[in-house]
Number of protein chains: 2
Amino acid sequence: MESTSRIVQALGPLDEEVKLRCTVDCVIFGYDQEDLKVLTIECNMEPFRGMPSLLGDFVAQDEDADSAAKRILKYCTGNDEIYLEEVKCFSKPDRHPFGRVITIAYYSLVSIPQTILTDAAGKHLNWRSVDEITCMAFDHKEILDTCLKQLRHSLREKPIGFNLLPKKFSLKQLQTLYEVVLDIELDKRNFRRKLRSLNILIDLEEQQREVNHRPAKLYKFDDKSFEKKRSNGLKFEI
Amino acid sequence: MESTSRIVQALGPLDEEVKLRCTVDCVIFGYDQEDLKVLTIECNMEPFRGMPSLLGDFVAQDEDADSAAKRILKYCTGNDEIYLEEVKCFSKPDRHPFGRVITIAYYSLVSIPQTILTDAAGKHLNWRSVDEITCMAFDHKEILDTCLKQLRHSLREKPIGFNLLPKKFSLKQLQTLYEVVLDIELDKRNFRRKLRSLNILIDLEEQQREVNHRPAKLYKFDDKSFEKKRSNGLKFEI
DNA sequence: ATAGAAAGTGTTAAATTAACACTATCTTGT
DNA sequence: ACAAGATAGTGTTAATTTAACACTTTCTAT
């Protein structure tokens, strides 16, 4: 137990300790056409060349992990006002073939139709259906699975689903989103009553256009009002 | 945005990238005398010398972060069968005065009367009431606060409170634990009914000894039975 | 034997959740 | 302009869950 004898004791010069590199990996979930997708990039490193990989990068000298994750989002989408949640650190000593690299995994949520992938990144970026991904570079499939589990958990206890939809959405779209991501069925009337009672949607007094049936009313999420209600003890739960 | 242009591209030789050190810090929560405490060690590093610090250590070359956290628990208590939950990575570039150090924060749960602090560590280890800690070394107060918040959240949705009590406990002890940690009041009869209906306690057919009033019946947590029930959809919630 | 102290126990009202089917409003085609 | 097709939108009732509440039992100490 010699390696533990200096627990929390003075850090020596850098070279005496384990040096490792630290990355962040973002599971960027996107939603479109009633399907949950994840943004991948083609891996260009052996032995994983050609396989889909998550978007990641090193944590830079002057930034923390959150900033690194936001930087990746900005790089891919031009936007850094994106929902982001840290999930877990992946740190198996052999997880990266080129050396000791730990990674902090995040997931984020975007509406695909409202997201323009930047040109620079665009060439090798792909939205893939979460269901259809079987194999990824590194331990990225494990990271994806962990983040998906976390997303499903958070979706039920925090009002974050809106981030997967356009700013303006119908109640039907919202319900379908929950049904697709959580793989459950919801009762239309009960779902609508619940949303009404939470009072966190703003009726935009506007309707869908260009649908060939009765158009649905559009709403937006009232995040300020929700924050106020939450701090007064409102519990969101689907 | 030049630093993002190689997102997820080949890792160069180690020296070209940001080198940093990685630690784990454990918020070891202990419970005794109707009080939630945290295990601290006296910091021996300037400028924090003498201040209470969390238990932490470097992640070693051949271990992952979870193993490092378990190693710390084993070092302090001689036991590594302890409830442990990863919480968050703390990675501000200036969080450590001696260089770039990121840390993965964990919390764990023990019953203080059932925990013997090892001699080696014991000399500078202290159980401190969570309420009374105002100031800690490094960013450890922030880590503590974050872990406490996470503990409170998990305590309501997972049956982990038992880890803070002796193996054998009374229903009153369990209720008080929830009341103390969550800072709420619970109705005795409703609490007991809920526990009874969950069917996750084993009646030990044994009683408290050496109390000067009617002794309470003792129970233990039936973790195997709970796991079975959980996978069949049982939702624990206090 | 009695007093003190905490353990243990059930019922009822209120709130929440689950189940369920029809009418309204739009578009498109004739 | 009328009819058919498609999806939006709406309320009631029974079942379940939660919240509120007070007295009896069993032990110890004197």
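Chain naming here is simple, since letters A, B, ... match the order of the sequence lines and numbering starts at 1 in each.
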Please report the distance, rounded to the nearest Å, between CG in B:L195 and P in C:dT9.
13 Å
Above 12 or not: heavy atoms from other molecules or residues under 6.0 Å from CD1 of B:I202?
yes
Every protein N/O lying under 3.5 Å from an N/O of nucleotides 22-24 of chain D:
residue	atom	partner	partner atom	Å
D:dA22	N1	B:R189	NH1	3.3

Sort out for me which residue in A:V110, A:L165, A:I112 forms a side chain to side chain contact (heavy atoms under 4.5 Å, CB included) with A:Y31.
A:L165
Closest-nucleotide mapping onto DNA chain D: is A:Y219 or B:D187 further toward the 5' terminus? I mean the 5' end.
A:Y219
Protein-nucleotide distance (B:Q173, atom CD; C:dA6, atom C1'), rounded to Å:
13 Å
Roughly how many Å is it from CG in A:N212 to P in D:dA6, rounded to a whole number?
9 Å
Using the ring of A:F90 (Phe, Tyr or Trp, six-membered ring only), decide whether A:K88 places NZ or CZ under 6.0 Å from its centre and within 45 degrees of its axis.
yes
Give the rounded distance in Å between these two atoms: CG of B:L186 and P of D:dT18.
13 Å
Under the side-chain hydrogen bond (donor to acceptor under 3.5 Å, both in side chains) test against A:S225, which residue among A:E227, A:K229, A:K228 passes?
A:K229
B:K220 NZ: over 12 foreign heavy atoms closer than 6.0 Å
no
Measure from the side chain of B:N190, starting at C-beta and using heavy atoms only, and say which of D:dG9, D:dA19, D:dT10 lies closest.
D:dA19
Parallel, tilted or perpendicular, judged at 30° and 60°: which one describes the rings of A:F226 and A:F236?
perpendicular
Could you check how far NZ of B:K217 sits from C1' of D:dT25, rounded to whole Å?
13 Å
So A:E157 and B:H153, side-chain hydrogen bond (donor to acceptor under 3.5 Å, both in side chains) or not? Walk me through it.
CA-CA 11 Å; A:E157 65 174 27; B:H153 187 260; 3.1 Å; yes
Atom pair distance, as rounded to whole Å: NZ in B:K172 and P in D:dT25
21 Å
Contact under 4.0 Å: A:R193 side-chain N or O vs D:dG11 OP1/OP2
no
Take the protein atom CZ of A:R209 and the nucleotide atom P of D:dT7, then report the distance between them rounded to whole Å.
20 Å
Nearest to the side chain of B:K194, which nucleotide is it out of D:dT18, D:dG9, C:dC20?
D:dT18
Rounding to a whole Å, what distance do you find between B:Q207:CD and D:dT26:P?
11 Å
